Asks: 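After the C-alpha cells below, expect a handful of questions from me.
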Amino acid sequence: MKITEHLGSAKETLFSFEILPPLKGQSLKELLEGISPLMDFKPPFVDVTYHREEYIYKKHPNGLLEKISTKKRPGTVGICAAIMNRFHIDAVPHLLCGGFTREETENALIDLNFIGVENVLALRGDAPKSEGKFIAEAEGHGYASELVEQILRMNEGRYLHEETEIGFQTDFCVGVAGYPEKHFEAPSLKFDLKYLKEKVEKGAEYIVTQMFFDNQKYFEFVDQVRAAGISVPIIPGIKPITTLGQITMLPRTFFLDLPDPLMDELYKCKTNAEVKEVGIEWSIQQCKELVKQNVPSLHFYTMSKADTTYKIAKEIF
Ligand code: FAD
C-alpha cells in the first residue's frame with residue numbers, strides 16, 4: 001500500500017520507524033529479531049536507509065596507500081524484501097542521487113518494483129565521509145528533485161532510452177526530506193522551502209522531517225511549508241538521545257539545536273544510562289504533544305536499536 005493511503009485511512013497518529021542495514025558481514029537475523037517487538041505498535045511501514053560508498057586506504061607492503069571504495073552497509077533492497085516477507089508491512093527504501101547514475105537509478109527502481117516495493121524516499125545524499133562536498137555522478141542527479149522527476153517519469157512508463165514509447169508503468173509513491181531547522185547548505189529557510197516545493201511539484205507526495213528536539217521548530221516549519229503552498233503530509237522525525245556522545249554529535253552531524261530545558265537535564269547526567277533516561281522522557285513528552293496536534297505519524301530514527309523506541313511508543317500508543 002502507498003504511504004499516502006496509510007496516512008489517508010488512519011484515524012489517529014500512526015507509528016513508523018527507520019532502520020539501518022547492518023554493517024557488512026553481520027547478519028540480518030539479529031536486526032529483524034531486534035525490531036520484532038516494535039510490531040506491537042502496528043507500524044504500517046518501515047524505512048530502510050541507504051548508505052553510499054566510503055573511501056578507505058589500504059597499505060601495501062611497499063608502503064604505498066591504495067584508495068578503495070567500499071560500502072559498509074549494503075543490503076537496503078534485500079532488507080526491504082525481508083521485512084515485507086516477514087512482517088507483511090510496507091518497507092520504504094531510501095534511494096540516493098549520490099553514487100548513482102540515472103541508468104543505475106532506473107535499474108534499482110525496476111528491482112524495487114519487481115519485489116513489490118510501492119514507496120521510496122528520494123534523497124540527494126551527502127558527500128562520502130572523506131570528501132568535503134557533494135558531487136553528482138557524471139550521469140547522475142545533483143538534487144533530490146531530479147530523482148523525484150525520474151521516478152515520476154517511470155510512473156508514466158517513460159524510461160531513459162525509450163522516451164517515445166510507453167513502457168511498463170511503475171506506481172511508486174515518493175516521499176522526500178524536509179528540515180525544520182533548515183538544510184545545512186541552504187542559505188535560508190525561505191530558499192530551502194523553495195526547493196522543497198520543487199520536490200513536491202515534481203511529484204513527491206509526503207515529507208519526512210529531519211529529527212528535531214524542540215516541537216516548536218516543527219510547528220513553525222509546518223506553518224511555513226503551508227504558507228509556501230505545500231499541502232502534502234509532513235511526518236515528524238523523532239530521535240531520543242541515548243548517550244553522552246550524542247549531545248555534541250547530533251548538533252554537529254545534523255545541524256540542529258538542543259533546547260535549553262533538555263540541555264539543563266542532560267547537563268546533570270554522568271553516565272549513558274542517565275542520559276538515556278532523560279532522552280526517553282523528553283521524547284515521550286515531545287510525542288504526546290505531537291499526537292495532540294494530530295501529526296500523521298511519529299517516525300522514529302531507531303538507529304536499529306529498538307528498545308528505546310519501544311519504551312517511548314509504549315507510553316503513546
Ligand atoms: P535536496 O532536496 O536535493 O537538497 C539539498 C540541498 O540543496 C538543500 O540545501 C536544498 O535547499 C538545496 N537545493 C535543492 N534543490 C536545489 C536547486 N535546484 N538549486 C540549488 N539548491 C538546491 N542520507 C543518506 O545518505 N541515506 C539515507 O538513507 C538518508 N535518509 C534520510 C532520511 C531523512 C528523513 C532525512 C531528513 C535525511 C536523510 N538523509 C539520508 C540525509 C540527506 O541525504 C542529506 O541531508 C542531504 O544532504 C540532503 O538530501 P535532500 O534529499 O534533502 O537534498
Side-chain angles (χ1 to χ4, degrees), residues 3 16-22 45-54 71-77 79-80 91-100 105 108 112 119-129 131-137 140-151 174-212 217-218 221 224-225 228 230 232-239 250 252-256 295-304:
I3 301 306
S16 56
F17 64 96
E18 173 187 295
I19 56 170
L20 280 62
F45 62 95
V46 175
D47 276 50
V48 185
T49 56
Y50 190 93
H51 299 258
R52 65 173 302 175
E53 74 282 5
E54 293 175 33
K71 282 188 183 155
K72 292 192 174 168
R73 293 182 184 271
T76 301
V77 177
I79 294 173
C80 286
V92 184
H94 292 187
L95 198 59
L96 302 185
C97 303
F100 281 79
T105 298
L112 291 171
N119 306 279
V120 279
L121 196 73
L123 301 145
R124 187 197 70 179
D126 287 315
K129 279 192 186 121
E131 316 272 300
K133 188 168 171 270
F134 176 86
I135 298 172
E137 295 300 303
H141 298 301
Y143 295 108
S145 55
E146 298 165 10
L147 175 57
V148 175
E149 197 171 12
Q150 182 177 6
I151 303 169
V174 183
V176 289
Y179 302 83
E181 297 179 62
K182 185 181 89 58
H183 183 261
F184 71 101
E185 290 169 23
S188 69
L189 186 60
K190 184 180 153 188
F191 273 83
D192 212 15
L193 290 179
K194 169 178 150 66
Y195 297 123
L196 180 60
K197 190 170 183 185
E198 195 174 318
K199 293 193 273 194
V200 173
E201 284 171 348
K202 295 263 169 78
E205 293 184 80
Y206 70 99
I207 296 163
V208 184
T209 78
Q210 183 57 278
M211 65 185 78
F212 57 89
K217 297 221 163 125
Y218 169 81
F221 176 69
Q224 283 169 297
V225 171
I230 302 169
V232 300
I234 305 169
I235 298 176
I238 306 294
K239 160 88 183 83
L250 293 174
R252 194 175 60 235
T253 309
F254 298 105
F255 302 90
L256 45 84
V295 297
S297 184
L298 292 172
H299 191 69
F300 288 87
Y301 293 109
T302 68
M303 317 298 271
S304 297

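Since this is a predicted model, take the numbers as computed values, not measurements. By convention here, the first residue in the shown sequence is residue 1. Each ligand, and each atom within it, is numbered from 1 in the order the structure gives.
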Asks: Any nitrogen or oxygen of R124, main chain or side chain, under 3.5 Å from a nitrogen or oxygen of ligand 1?
Replies: yes
Asks: Has R52 got any heavy atom lying under 4.0 angstrom from an atom of ligand 1?
Replies: no
Asks: May I ask whether L121 has any heavy atom positioned less than 4.0 angstrom from an atom of ligand 1?
Replies: yes
Asks: Looking only at heavy atoms of Y301, does any of them come nearer than 4.0 Å to an atom of ligand 1?
Replies: yes
Asks: To check your reading of the model: name the closest protein heavy atom to atom 22 (C) of ligand 1, its residue, and the distance in Å.
Replies: Y143 CE2, 3.2 Å
Asks: Starting from atom 38 (C) of ligand 1, which protein heavy atom do you reach first, and at what distance in Å?
Replies: L123 CD2, 3.7 Å
Asks: Salt-bridged, E131 to R52, with N to O below 4.0 Å?
Replies: no
Asks: What residue and atom, counting heavy atoms only, is the protein's closest point to atom 28 (O) of ligand 1, and at what distance?
Replies: H94 ND1, 2.8 Å
Asks: When you measure from atom 45 (O) of ligand 1 to every protein heavy atom, which one gives the shortest distance, and what is it?
Replies: Y179 OH, 2.7 Å
Asks: Do any non-hydrogen protein atoms sit less than 4.0 Å from atom 4 (O) of ligand 1?
Replies: no
Asks: Would you confirm whether the ring centroid of F254 sits within less than 6.0 angstrom of the ring centroid of Y301?
Replies: no
Asks: Specify side chain, backbone, both or neither for L96, according to which of its non-hydrogen atoms lie closer than 4.0 Å to ligand 1.
Replies: side chain
Asks: Kindly check if the number of other-residue, nucleotide or ligand heavy atoms within 6.0 Å of NZ (K72) is above 12?
Replies: no
Asks: So for atom CZ, which belongs to F255, do other residues, nucleotides or ligands contribute more than 12 heavy atoms lying within a distance under 6.0 Å?
Replies: yes
Asks: Provide, to 0.1 Å, the distance between atom 8 (C) of ligand 1 and the closest protein heavy atom, together with that atom's residue and name.
Replies: H183 ND1, 3.2 Å
Asks: Applying a heavy-atom cut-off of 4.0 Å, say which part of K199 lies close to ligand 1: side chain, backbone, both or neither.
Replies: side chain
Asks: Tell me the contacting part of F134 for ligand 1: side chain, backbone, both, or neither, using a 4.0 Å heavy-atom threshold, strictly below.
Replies: neither
Asks: Name the closest protein heavy atom to atom 11 (O) of ligand 1, giving the residue it belongs to and the distance to 0.1 Å.
Replies: D192 OD1, 2.7 Å
Asks: I need the nearest protein heavy-atom contact for atom 35 (C) of ligand 1: residue, atom name and distance, please.
Replies: A177 CB, 3.7 Å
